Amino acid sequence: MDVSKSHLLLQRNVNVKAIVTPRWKDEAQQQLQTQLNQIDTQLQQLEMQLQQVVSEIQRQTIQPPGPETVQQIENIKVQFNQRKSELLEQKNQILQQLQQVQMLDLDQEVSQGQVNSFFRIETGDNLIEKMNVEILLRDGIVEEIRGDV
C-alpha cells in the first residue's frame with residue numbers, strides 16, 4: 001500500500017454564522033415572539049389546569065376539607081408553581097434574547113449554531129486548520145466558507 005495515498009474520513013463541527021440584516025432581525029424577532037406566545041399559552045393552560053384539579057379535589061371531598069385534603073391541594077399548588085416558575089424563567093430568557101436581537105448592528109456576524117461535516121485528512125495535513133471551518137450566511141444563503149475545507 002502506498003503511504004502517500006493513505007487518508008481518513010473524519011467528522012467535525014462546523015460553526016454557522018449569520019450576517020445581521022433587516023430580514024434576519026425580523027425573522028429572529030418573529031421566532032422569539034412566537035416562542036413568547038407559546039409560553040404565555042402554556043402559562044394560561046397551567047393556571048386553568050390548577051383550578052380544575054383543585055376544584056375536582058374539593059368536589060370529591062367532604063366539607064370542610066380535612067387536613068389531608070388541604071395538604072394534597074398544597075402539594076399540587078407547589079408542583080404547579082414550580083412549573084410556572086420554569087416557564088417564567090424561559091420567558092425571561094427569551095425576552096432578553098429579543099432585546100439583544102434588537103440591539104444588534106446591521107452587518108454584524110452572530111452565531112447560528114453548528115452543523116456536522118465530514119472531511120478527508122491525509123498525511124501532512126494540518127488537523128487544527130482542517131477542524132476550524134465555518135460557514136457565513138446572509139439571509140440563509142452561503143456567502144462564505146472559511147477555513148480549510
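All figures in this text were calculated on a predicted structure; none of them were measured in a lab. Worth knowing before you read on, the calculation uses all heavy atoms, side chains too, and leaves out hydrogens, waters and symmetry mates.
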Check the hydrophobic clustering (I, L, V, M, F, W, Y; side-chain heavy atoms under 4.5 Å; chains of links allowed) and say if Ile135 and Phe119 are grouped together.
no
Could you tell me whether the side chain of Asp125 and the main chain of Leu127 form a donor-acceptor pair under 3.5 Å?
no
Tell me whether the count of non-hydrogen atoms from other residues, nucleotides or ligands lying under 6.0 Å of CD in Gln31 goes above 12.
no
Is there a path of hydrophobic side-chain contacts, each under 4.5 Å between heavy atoms of I, L, V, M, F, W or Y residues, that connects Leu104 with Leu106?
yes
Can you tell me how far the CG atom of Asp139 sits from the OG1 atom of Thr21, to the nearest 0.5 Å?
3.5 Å
Smallest separation among heavy atoms of Val101 and Ala28, with atom names:
CG1-CB, 4.0 Å
Among residues two or more places apart or on two chains, list those pairs meeting side-chain hydrogen bond (donor to acceptor under 3.5 Å, both in side chains) that have a residue in residues 65-82.
Gln71-Asn75
Would you kindly confirm whether Leu88 and Leu98 end up in one hydrophobic cluster when ILVMFWY residues are joined by side chain heavy atoms under 4.5 Å apart?
yes
Assess whether atom NZ of Lys17 is packed by more than 12 heavy atoms of other residues, nucleotides or ligands within 6.0 Å.
no
Side-chain heavy atoms of Gln33 within contact of Leu36, under 4.5 Å:
yes
Scan for salt bridge (Lys or Arg N to Asp or Glu O under 4.0 Å) pairs involving residues 19-45, sequence neighbours excluded, and state none if there are none.
Arg23-Glu27, Asp40-Lys91
How would you list, by chain and number, every residue that makes a side-chain contact (heavy atoms from CB on, under 4.5 Å) with Asn116, sequence neighbours excluded?
Gln11, Asn13
Any chance you could measure His7, atom NE2, to Thr123, atom OG1, to the nearest 0.5 Å?
10.5 Å
Closest non-hydrogen atoms of Ile19 and Asp107, given as atom of the first, atom of the second and distance, are CG2-CA, 3.6 Å
Linking I/L/V/M/F/W/Y whenever their side-chain heavy atoms sit closer than 4.5 Å, directly or via other members, would Val16 and Leu136 fall into one cluster?
no
To the nearest 0.5 angstrom, please state how far the NZ atom of Lys84 sits from the CD atom of Glu89.
14.5 Å
Is there any side-chain hydrogen bond (donor to acceptor under 3.5 Å, both in side chains) pair reaching into residues 42-57, and which pairs are they, with sequence neighbours excluded?
Glu56-Arg59, Glu56-Gln60
Of all residues at least two apart in sequence or in a different chain, which pass the side chain to side chain donor-acceptor pair (under 3.5 Å) check with Gln112?
Trp24
What about Val149 and Leu137, same hydrophobic cluster or not, with Ile/Leu/Val/Met/Phe/Trp/Tyr joined at side-chain heavy-atom distances under 4.5 Å?
yes
With rounding to the nearest 0.5 Å, note down the distance linking NZ in Lys130 to OG in Ser117.
10.5 Å
What salt bridge (Lys or Arg N to Asp or Glu O under 4.0 Å) pairs are there with at least one residue in residues 109-121, not counting sequence neighbours?
Glu109-Arg146, Arg120-Glu122
When rounded to the nearest 0.5 Å, the distance separating CG of Asn37 from CG of Leu32 is 11.0 Å
To the nearest 0.5 Å, how far apart are CG in Asp105 and CE in Met103?
9.0 Å
So, for Ile39 and Leu87, which heavy atoms are closest and what is the spacing to 0.1 Å?
CG2-O, 3.6 Å
